[in-house]
Protein chains: 2
Amino acid sequence: MDQRRSPTASERKRDPERTRALLLEAAAAEFGAKGYAATRTTDIAARAGVNKQLISYYFGGKEGLYKELATSWHSSAAEMAHEDQPLDVVLSSFVATTLTDHGRLWAWSNLAGDSPPTDEAFLRGQVDQMRERQAKGELPADLDPGLLLLALMAAAAAPLTLRQTASQITGEDPATPEFAEKYAAQLALLVRHLSGRS
Amino acid sequence: MDQRRSPTASERKRDPERTRALLLEAAAAEFGAKGYAATRTTDIAARAGVNKQLISYYFGGKEGLYKELATSWHSSAAEMAHEDQPLDVVLSSFVATTLTDHGRLWAWSNLAGDSPPTDEAFLRGQVDQMRERQAKGELPADLDPGLLLLALMAAAAAPLTLRQTASQITGEDPATPEFAEKYAAQLALLVRHLSGRS
DNA sequence: GATTAAGTCAACCCGTTGGATGAAAACCGT
DNA sequence: ACGGTTTTCATCCAACGGGTTGACTTAATC
């Protein structure tokens with residue numbers, strides 16, 4: 001019964017990989033919900049269902065855990081790029097990430113200004129796409145592509161960054177898939193109007 | 001020399017009003033910079049140049065001070081409304097508030113979800129204005145006025161809520177008057193395109 | 001000027017938080 | 001089986017942060 005190569009045997013009493021993953025997941029949720037400063041390491045450990053000392057063991061403390069998250073999501077952001085999709089699709093997927101723990105974390109770190117929250121290459125690529133769309137006439141050419149991207153990203157992130165205001169305006173909970181879908185549809189309409197086609 | 005009615009004599013050794021004001025100002029700056037949880041009462045007192053105990057004396061503690069700020073800015077927000085200005089002017093002034101301590105505080109509380117950050121009446125008024133603009137043909141009529149307002153507010157708040165990303169995209173510091181002006185101009189162009197007129 | 005109240009401050013208190021210590025438990029190769 | 005290593009845990013500790021206490025100072029009132 002040599003099962004030394006049983007990959008991540010689901011019922012192991014000891015599993016460093018699983019523990020690390022549990023902690024990262026729990027940390028993303030906690031940090032995303034309350035922000036770095038308000039998050040207690042005890043809560044992270046409790047959510048992960050492991051001893052809190054393991055945070056120090058695996059990540060060298062609270063800050064190390066946070067930084068690990070900050071870098072880890074950069075890779076995932078690159079996936080989101082999905083090359084050159086239509087603008088409304090990009091916006092829609094961006095609205096979707098708004099609901100994730102990583103999205104909330106991104107918003108916090110953006111405000112706090114601790115770690116560069118977005119992959120530089122990703123942003124550059126998106127700006128280029130904007131330029132292309134302007135060249136194709138899909139978007140007004142007299143706008144600065146960077147600032148246009150910024151405005152659209154900010155608008156797409158509204159359910160997250162302006163969570164409370166969104167709730168006050170609409171009376172609904174912006175943190176639901178239904179809201180995200182509805183909102184993304186509105187944004188799609190909006191950019192359509194930008195292109196000149198009504 | 002009866003000067004008991006000397007109003008807020010500027011050179012008094014003791015002046016409750018001034019002290020309260022100093023604390024409120026310092027608190028807005030500190031809370032705005034780091035958020036509630038990361039802010040230390042010691043720092044607030046130091047910035048105000050007074051003893052930290054006075055926070056308890058005048059506001060009943062850190063939380064009381066925070067709440068005082070939260071309610072105080074509601075009144076100032078109402079002023080910003082300025083009745084029915086053109087949309088680009090409204091957006092521009094909104095971008096401007098982005099640079100203030102109160103603006104930063106507003107962003108934090110929006111993320112944290114602690115206190116309703118915006119005056120309900122103000123929002124209602126703005127939504128109504130949106131509806132009017134749609135009726136006048138200044139804005140597309142097939143968009144939900146509330147969600148449109150939300151998107152525009154979020155876009156206007158980008159230099160604040162997406163401070164880091166904005167910096168990454170443009171290479172400039174979004175927290176400057178110059179940037180705000182430039183960005184507001186772009187937003188004005190953008191909404192002009194929305195109205196159909198290029 | 002004496003008495004009283006309001007404002008300010010330095011020092012201490014105590015719960016909380018993140019991290020450290022050392023031991024126990026599970027895994028590994030032999 | 002068994003010794004060594006890695007992973008996990010219960011307990012403890014020092015630093016920090018917000019709040020309180022009580023004394024001192026200034027201003028108002030008599």
Side-chain angles (χ1 to χ4, degrees), chain A residues 1-31 33-70 112 114, chain B residues 1-27 29-31 33-69 112 114:
Chain A
M1 292 300 199
D2 179 25
Q3 61 176 54
R4 71 177 167 185
R5 276 304 117 210
S6 75
T8 59
S10 10
E11 287 318 308
R12 293 256 296 289
K13 296 244 170 136
R14 303 198 140 184
D15 189 339
E17 293 308 315
R18 184 170 53 98
T19 302
R20 275 183 64 100
L22 283 172
L23 277 174
L24 282 172
E25 191 179 0
E30 292 289 325
F31 284 140
K34 315 179 211 168
Y36 179 82
T39 297
R40 307 290 151 229
T41 55
T42 304
D43 295 342
I44 297 177
R47 179 184 283 254
V50 303
N51 188 279
K52 100 185 160 79
Q53 199 281 335
L54 296 179
I55 293 174
S56 292
Y57 183 72
Y58 284 113
F59 305 98
K62 183 186 182 183
E63 193 177 339
L65 181 50
Y66 183 76
K67 286 185 178 166
E68 182 92 0
L69 279 175
D114 37 29
Chain B
M1 294 302 199
D2 178 24
Q3 59 176 54
R4 70 179 169 185
R5 277 306 115 211
S6 75
T8 59
S10 9
E11 288 318 308
R12 294 255 296 289
K13 297 230 169 150
R14 299 195 149 185
D15 190 340
E17 293 309 314
R18 187 171 52 97
T19 303
R20 276 184 62 102
L22 282 172
L23 277 174
L24 282 173
E25 192 179 359
E30 292 290 324
F31 283 141
K34 316 180 210 168
Y36 179 83
T39 297
R40 308 290 154 231
T41 56
T42 304
D43 295 342
I44 297 177
R47 178 185 284 254
V50 303
N51 188 277
K52 96 184 161 78
Q53 198 280 337
L54 297 180
I55 293 174
S56 293
Y57 184 72
Y58 284 113
F59 305 98
K62 183 185 183 184
E63 191 177 341
L65 181 51
Y66 183 76
K67 286 186 178 165
E68 182 92 358
L69 279 175
D114 38 28

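Here is how names work: the chains are called A, B, and so on, in the same order as the sequence lines, proteins then strands, and each is numbered from 1.
Here D/dG19 presents its P atom at 13 Å from CG of B/Leu54, a figure rounded to the nearest Å. With rounding to whole Å, B/Leu65 atom CG is found 11 Å from D/dG18 atom P. Following rounding to the nearest Å, B/Glu17 (CD) and D/dA27 (P) show an atom-to-atom distance of 16 Å. Atom pair B/Lys62:NZ and C/dG15:C1' shows a separation of 15 Å (rounding to whole Å applied). At whole-Å resolution of the value, CD in B/Glu30 and P in D/dG18 are 11 Å apart. As a whole-Å value, the separation of B/Asp15 CG from C/dC9 P is 13 Å. When the P atom of C/dG7 is taken as reference, atom CG of B/Leu23 falls 13 Å away, rounded to whole Å. Whole-Å rounding puts the A/Phe59 CZ to C/dG18 P distance at 16 Å.
Remark: B/Leu23 CG to B/Leu69 CG distance equals 10.0 Å, nearest 0.5 Å. Atom CD1 of A/Ile44 and atom CG of A/Leu22 lie 13.0 Å apart (nearest 0.5 Å).
Of the candidate nucleotides D/dT8, C/dC9, C/dG19, C/dG19 has the atom nearest to the side chain of A/Thr41.
For B/Tyr57, a side-chain nitrogen or oxygen approaches OP1 or OP2 of C/dG7 to under 4.0 Å. Taking side-chain N and O atoms only, A/Arg40 has no distance below 4.0 Å to OP1 or OP2 of C/dT16.
Sparse packing is recorded around CD of A/Glu25, with 12 or fewer heavy atoms of other residues, nucleotides or ligands lying under 6.0 Å away.
Contact detail for B/Ala37 and A/Ala38: the closest heavy-atom pair is CB-CB, 3.6 Å. Between A/Thr39 and A/Lys62, the shortest heavy-atom distance links the atoms O-NZ, 2.9 Å.
Sorted by first and then second residue, the pairs that involve residues 35-68 of chain A and meet ring-ring contact (aromatic ring centres under 6.0 Å, His included), not counting sequence neighbours, are A/Phe31-A/Tyr36, A/Phe31-A/Tyr66, A/Tyr36-A/Tyr66. For residues 42-56 of chain A, the set of pairs meeting the side-chain hydrogen bond (donor to acceptor under 3.5 Å, both in side chains) definition, not counting sequence neighbours, comprises A/Glu30-A/Arg47, A/Lys34-A/Asp43.
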Where do N or O atoms of nucleotides 20-25 of chain D meet protein N or O atoms at under 3.5 Å, pair by pair?
from   : atom 1 : to      : atom 2 : distance (Å)
D/dT25 : O2     : B/Arg14 : NH1    : 2.8
D/dT25 : O2     : B/Arg14 : NH2    : 2.6

